[in-house]
2 protein chains.
Amino acid sequence: MARTKEFNEDQALDKAVEIFWHKGYNGTSAQDLVTHLGLSRSSLYDTFGDKQQLFFKALKRYQIQGQDAIKELLEESENVQEAFTQIFKQAVKESLEDRITKGCFMVNSSVELAMHDENIAKVVSENRQTMEDIFLKAVQKGQKAGQISTKLDALTLSRFLYNNYSGIRVLARAGEKNKQVYDDILKAMFSLF
Amino acid sequence: MARTKEFNEDQALDKAVEIFWHKGYNGTSAQDLVTHLGLSRSSLYDTFGDKQQLFFKALKRYQIQGQDAIKELLEESENVQEAFTQIFKQAVKESLEDRITKGCFMVNSSVELAMHDENIAKVVSENRQTMEDIFLKAVQKGQKAGQISTKLDALTLSRFLYNNYSGIRVLARAGEKNKQVYDDILKAMFSLF
DNA sequence: TTAATTCAGGAACGATTGTTCCGTATTTTT
DNA sequence: AAAAATACGGAACAATCGTTCCTGAATTAA
C-alpha cells in the first residue's frame with residue numbers, strides 16, 4: 001500500500017555513528033546530519049525521531065558492534081595473550097593511522113554526556129560492565145592455560161586492562177601520534193601477564 | 001582616574017574553571033557564565049574577550065594549578081612510592097566523593113575539543129608532556145632510592161602511570177562509584193613498583 | 001568640580017539551533 | 001485506474017546561541 005524507503009536504515013545509522021563519533025553530540029548540528037546521512041530533514045525526523053533518540057540509537061549500535069568484535073576475537077582465540085595483544089595493537093594502529101582520530105565513541109560520549117543524561121550514563125556503565133565481563137572470562141581462560149600470570153586475580157586484571165584501554169583512546173582522541181608513547185604503555189601493561 | 005573593578009579577576013576565572021569543567025565548552029552558555037561568575041555580560045566580555053578566550057584562560061589556569069600541586073608533592077616527598085600512592089588515592093577519593101563528578105578538566109577538554117581546535121590540542125599535548133616529565137623525574141628518583149623496581153625503565157613507567165591516571169578520570173566522569181573498581185586498577189598498577 | 005573610567009542591566013543583533021509542517025512526487029496495493 | 005501511504009525537498013518556526021551596544025549610576029584621580 002505504501003511507498004518503500006529509498007535508503008537503508010542501518011546504513012543511515014552507520015553514517016550517524018560516524019559523524020557523532022567525530023563531532024560529538026553538541027558539536028553535530030541538524031544540518032550536519034542531513035548532509036552526512038544524505039536524507040532530508042523530514043525523512044530523518046520521521047525515521048529516527050529527534051536528535052537525542054538518533055544519538056542514542058547510534059551509540060547503541062556502536063556498542064554492540066564493538067563488543068561483538070572483541071568478544072569473538074577473545075573467545076575464538078586459542079592463545080588469549082596473543083588475542084589481547086592483537087586487540088591493543090589494533091587500537092594503537094587506529095590511533096596512529098586515522099587522519100581524523102576519533103578515539104572511542106563510548107569514551108567520548110561518556111565524557112561529554114554521561115553526567116547530564118542518565119540514559120547515556122546507563123549505556124556507558126553497562127558497556128564498562130560488559131567489557132569487564134568479556135575481559136574477565138578471557139583472563140580466566142588464559143590463567144588456566146598458563147598464558148597469563150596468576151599473581152593478580154582475574155577480575156583485578158580485567159579492570160586494569162580496560163582502564164588502560166580507555167586511557168589509550170583518550171590519547172588517540174587528543175591526536176597523539178608518537179608510536180613510542182603507546183608502545184611504552186602496552187609494554188608496561190603486558191609485563192603483568 | 002577610573003573606577004576600580006568590583007570583582008577579582010582570578011576569582012572570576014576560578015568560577016569559569018568550575019563551570020566549564022562541569023559542563024564543557026559547548027554545554028556552557030553565555031547566560032551560564034553570567035549567572036555563575038556573577039558579573040554582567042558587558043563586564044564579562046570587556047574583561048575576558050569572547051567565550052573561546054575565556055575558556056582558554058580557564059584551561060590554562062587549571063593546568064598550571066594542577067601541575068604545580070602534583071609536582072610539589074612528588075619533589076618534596078622523600079618516599080616517591082608513597083607520594084604516587086597519595087596522588088592516585090586522592091584522585092579516587094575525589095571520584096567517589098564528588099556529588100557531581102567532573103573528572104579531569106584537561107581530559108574532558110581533550111576529548112571534546114582537541115580535535116577541532118588546535119590551540120586546545122597544543123595545551124593538551126604540552127600538558128601530557130609536562131606530566132610525563134614530572135612523573136619521569138619522580139620515577140628516576142624512586143628507582144635510585146630503591147623504592148621503585150628497575151625492571152622497566154623510567155620513561156616507560158611514567159607514560160604507563162599517566163595513562164592510568166587518564167583512565168581513572170574518565171571512569172570518574174562516567175560517574176563510577178564502586179570503590180573496588182578503582183582499587184583494583186591501582187592494585188594492578190602499583191604491582192609494577 | 002570635572003573628567004575619566006568601569007560598573008550593572010538590559011535591549012537588541014544576526015546567526016544558528018532543533019524541529020515542524022506543507023505541497024508534491026512516487027510507489028504500492030486494491 | 002484509483003486510492004492509500006509514505007518519501008521527499010524546502011520553507012518556516014520559535015528558541016537559543018554568542019556578541020554588541022546603549023544607558024545611567026558609581027567611583028576614582030586630577
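These numbers come from the heavy atoms of this one structure, side chains and all, not from hydrogens, waters or symmetry mates. So that the names make sense, note that chain A is the first sequence line, chain B the second, and so on, each numbered from 1.
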For this session: Using a cut-off of strictly less than 4.0 Å, decide whether A/Ser43 has a side-chain nitrogen or oxygen near OP1 or OP2 of D/dC8.
Result: yes
Residues at least two apart in sequence or cross-chain that pass side-chain hydrogen bond (donor to acceptor under 3.5 Å, both in side chains) with A/Lys179, listed by chain then number, are A/Asp183
Table please: side-chain donor-acceptor pairs of residues 11-20 of chain A below 3.5 Å, with sequence neighbours left out.
from    : atom 1 : to      : atom 2 : distance (Å)
A/Asp14 : OD1    : A/Arg61 : NE     : 2.6
A/Asp14 : OD1    : A/Arg61 : NH2    : 3.3
A/Asp14 : OD2    : A/Arg61 : NH2    : 3.3

To the nearest angstrom, the CG-P distance between A/Leu37 and D/dC8 comes to 12 Å
With sugar-phosphate taken as primed atoms, P, OP1 and OP2 and all else as base, the protein-contact string of nucleotides 12-18 of chain D at under 4.0 Å (heavy atoms; B, S, -) is -----SS
Contact check, residues 13-23 of chain A vs DNA chain D, heavy-atom distance under 4.0 Å, returns none
Residues at least two apart in sequence or cross-chain that pass side chain to side chain contact (heavy atoms under 4.5 Å, CB included) with A/Ala188, listed by chain then number, are B/Leu152, B/Thr156, B/Phe160, B/Leu192
*asked:* Can you confirm if the aromatic rings of A/Tyr25 and A/Phe56 lie within a centre distance of less than 6.0 Å?
replied: no
Do B/Glu94 and B/Gln90 have a side chain donor and acceptor closer than 3.5 Å?
yes
Rounded to whole Å, CG of A/Asp46 lies from C1' of D/dG9 at a distance of 13 Å
For D/dA7, does either OP1 or OP2 sit under 4.0 Å from a side-chain N or O belonging to A/Ser42? no
- prompt: Have B/Tyr45 and B/Arg41 got a donor and an acceptor in their side chains that come within less than 3.5 Å?
  reply: no
Between CG of B/Leu44 and C1' of C/dG9 the distance, given in whole Å, is 14 Å
| Between B/Phe135 and B/Phe84, is the gap from one ring center to the other below 6.0 Å? | yes
In whole angstroms, the gap separating C1' of C/dA25 from CG of A/Leu39 amounts to 17 Å
Taken in chain and number order and not counting sequence neighbours, the residues that satisfy side chain to side chain contact (heavy atoms under 4.5 Å, CB included) with A/Ala114 are A/Ala121
Rounded to whole Å, the CG-C1' distance (B/Leu33 to C/dA8) equals 17 Å
